[in-house]
Amino acid sequence: MTETEPPMKKFKHLDDSSTEIFEKYIQKIDSNKNLRAVLSDDFDQPLKLIKVFVGHIKDVKDISRTILKLNEKIPLKELQHLKRVRRKDVILCPINFFNNTLSIQDFIESSVPELKDIFEFFKQAEVPLNPPKIDRHYQEAKRIWSCNFHPNKYLDKLVGDEFFPLCELRTHRMYMKVAFEVAKWYTINKKIDSINLLINLNTTIVVDPKLQSIVALSFDNRQEHPMQHSTMLAIDNVAKTQNGGAWPSNQDKDYIGIPEEILPYLKETFPSLKFYRNDFILESKSGTEKEDRIYAPYLCTGYYVYMLREPCVMCSMALVHARAKRVFFCIDNKKCGALKSKTKLQMITSLNHHFEVFTGFI
Amino acid sequence: MKRALVLASEALAVQEVPVGCVFTHNGHIVAESRNSVNITHNPTRHAEMNCIDFLLDYCKKNNINYENYFKDVNVFVTVEPCIMCSAALNNLKVKEVVYGCANDRFGGNTVLNVSDFYEHNYILSGNVLADEAMTLLKLFYKGTNPNAPDSKVKKKTST
Ligand SMILES: [Zn+2]
Ligand SMILES: [Zn+2]
């Protein structure tokens, strides 16, 4: 705090109204409602269907040999998740599978002549295009057509609304409160307009969940330096805890990832909060060199990142480069958010690292 | 671009991902840099970001409005800028970006078209001395990134 006069006094009126909005957020964050994972759009959208030709078998006794023959002559390839038969209906092929000047009767007669008299009639039907990934999709899919399902317990939990157990949820919500307290502190002490902050700026808290301590945090500086979004500063502050870093800053001498100006306020506001000291690593070294190497921090590997607002494209990609494990944010960034609003970077399969994203704090 | 390639080989010599970058302003070289991720332990210190920081500093020291300044900046970089750097360059409204080889893993055009998210876009072109740029990358990935944990080494790391 470098102000000669305590800013609280000087801007008393301004402070009350400008920090009020943060108090409101902090109150709302303090709930027991579970967080939501931001997942692929597939999970929200209705089941995708594909049109296929179906043949209705005259005699049930012919079913098994029909299936064998069809699997041999017209395998379903991309529709392996579907059972070929449902009661007396058998999937023949997708409707765009053969030249459409041919009728389905002609197609069957020419490609599987053995089956030409098996069917009573042909029809078109819509069946699920993709294998169901979650139980809800499976339930929906099997009402339309019988299909195979390999349940993924983790994914089912992730799409559900009870992902985090209560104690863990409290922790995530506490760190999000820290993000808002940091914003509040800078609003008061750096005279930043709170509305501007909530629309344009950000705060970032990086936590090591194994040590349950804050490794690094940062407030936005893009008004002074257009690259210094709080995420970029936080990543650099993490680098400082690993004897690196590129930007000069006024970090605390013991808690290298934390700006020294905010530390006393956070310690007072959250007495139980732990901060990461570099000697944590030395203390927790357990002897064998192999274990040490596993423990040595590398970028943001294993770290959770809590942010006031959904990060922009630059910052989101920076978090991919940094290999963050999970990203939590409170406020959607409709204009340029890259984890939910404009795109979902975490869903781009060709990237080399993927983190989980959670929101739903308010 | 030849100068950028020299910078990239300098990166290779100090075991950084070999990407080099030159910024010009009205035809004059005003900034040059290379990747410095490993030395800084900061995965965002790409060649482009280093050049950007250098020029922002320069503008500040000389009381130049950086928004005006970057409008006349051309960027030459040996590898297609990643999603992060593309966003940064769009944000700063640079005039043009010319790159060597495409970036299949992280490219701000190849992997995700970052220009979709920004109103102002720069002119983008590639394939300038691409083979030379690619050769450097291949040399790097033949060795290993000394800072990455074993399991991560096999996948290509950041450029
Ligand atoms: Zn950002
Ligand atoms: Zn980059």
Side-chain angles (χ1 to χ4, degrees), chain A residues 216 221-222 224-229 231-248 257 290 293-302 311-324 333 335-338 341-345 347-353, chain B residues 17 33 36-46 48-57 59-60 66-67 70 81-93 103-108 110-119 145 147-152 154-159:
Chain A
N221 191 39
R222 77 185 72 180
E224 286 294 316
H225 185 305
M227 295 294 105
Q228 289 180 351
H229 295 195
T231 316
M232 305 301 277
L233 284 165
I235 289 171
D236 202 48
N237 287 348
V238 170
K240 282 168 191 153
T241 67
Q242 296 164 13
N243 297 320
W247 281 320
K290 202 177 161 196
R293 222 177 321 140
I294 292 165
Y295 201 77
Y298 173 70
L299 308 180
C300 293
T301 304
C312 73
V313 180
M314 174 178 74
C315 293
S316 302
M317 190 61 202
L319 290 168
V320 173
H321 286 318
R323 299 162 196 267
N333 181 349
K335 219 172 76 195
C336 48
S341 300
K342 295 295 249 183
T343 184
K344 292 174 178 172
L345 216 58
M347 294 301 155
I348 301 179
T349 45
S350 61
L351 294 177
N352 68 334
H353 176 79
Chain B
V17 178
S33 190
S36 61
V37 164
N38 286 338
I39 181 89
T40 57
H41 294 257
N42 179 333
T44 70
R45 297 322 297 176
H46 292 183
E48 303 92 315
M49 298 302 261
N50 288 336
C51 286
I52 290 172
D53 269 9
F54 178 83
L55 286 182
L56 285 170
D57 232 34
C59 288
K60 199 166 197 177
Y66 76 82
E67 288 182 338
F70 275 96
C82 75
I83 294 170
M84 173 188 74
C85 293
S86 304
L89 294 166
N90 268 298
N91 216 342
L92 289 165
K93 304 187 170 64
N103 185 342
D104 297 341
R105 305 250 157 181
F106 306 109
T110 306
V111 176
L112 175 75
N113 192 355
V114 173
S115 66
D116 288 351
F117 309 110
Y118 292 87
E119 277 162 32
N145 184 344
N147 269 27
D150 293 349
S151 60
K152 301 279 160 76
K154 282 169 202 98
K155 304 170 186 176
K156 277 193 186 177
T157 46
S158 70
T159 56

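Just so we're on the same page: letters track the sequence lines, and every chain starts at 1. Worth saying up front: this structure is predicted, and the values here are computed from it rather than measured.
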When you look at NZ of K344(A), are more than 12 heavy atoms from neighbouring residues, nucleotides or ligands closer to it than 6.0 Å? yes

If I take atom NE2 from residue H321(A) and atom CD1 from residue I83(B), how far apart are they, to the nearest 0.5 angstrom? 7.5 Å

Residues which pass side chain to side chain donor-acceptor pair (under 3.5 Å) with K60(B), listed by chain and number, not counting sequence neighbours: E224(A)

Taking distance alone, no hydrogens or angles, what donor-acceptor pairs closer than 3.5 Å link side-chain atoms of residues 240-247 of chain A to residues at least two apart or in another chain?
unit_1: K240(A); atom_1: NZ; unit_2: N237(A); atom_2: OD1; d: 3.3
unit_1: K240(A); atom_1: NZ; unit_2: W247(A); atom_2: O; d: 2.8
unit_1: K240(A); atom_1: NZ; unit_2: S249(A); atom_2: OG; d: 2.8
unit_1: T241(A); atom_1: OG1; unit_2: V238(A); atom_2: O; d: 2.5
unit_1: Q242(A); atom_1: OE1; unit_2: L299(A); atom_2: N; d: 3.2
unit_1: Q242(A); atom_1: NE2; unit_2: L299(A); atom_2: O; d: 2.9
unit_1: W247(A); atom_1: NE1; unit_2: D53(B); atom_2: OD2; d: 2.5

Does a side-chain heavy-atom distance below 4.5 Å link N90(B) with V313(A)? no

Contact origin within I348(A) toward chain B - heavy atom pairs under 4.5 Å: side chain

Atom NZ of K335(A) and atom CD of E119(B): how far apart are they, to the nearest 0.5 Å? 8.0 Å

Kindly give the heavy-atom pair with the smallest separation between M317(A) and F106(B), and that separation in Å. CE-CD2, 3.3 Å

Value for OG (S86(B)) from CE (M314(A)), rounded to nearest 0.5 Å, stands at 12.0 Å

Under 4.5 Å heavy-atom distance to chain A, tell me which part of L56(B) shows up: side chain, backbone, both or neither. side chain

For P43(B) against A322(A), the heavy-atom pair lying closest together: CG-CA, 3.5 Å

Closest non-hydrogen contact found for T40(B) with A239(A) is O-CB, 3.3 Å

Can you measure from SG (C315(A)) to CE (M84(B)) and round to the nearest 0.5 angstrom? 9.5 Å

Rounding to 0.5 Å, atoms SG (C312(A)) and OH (Y118(B)) come to a distance of 5.0 Å

Most chain A-contacting option - heavy-atom pairs closer than 4.5 Å, from T44(B), N91(B), D57(B): T44(B)

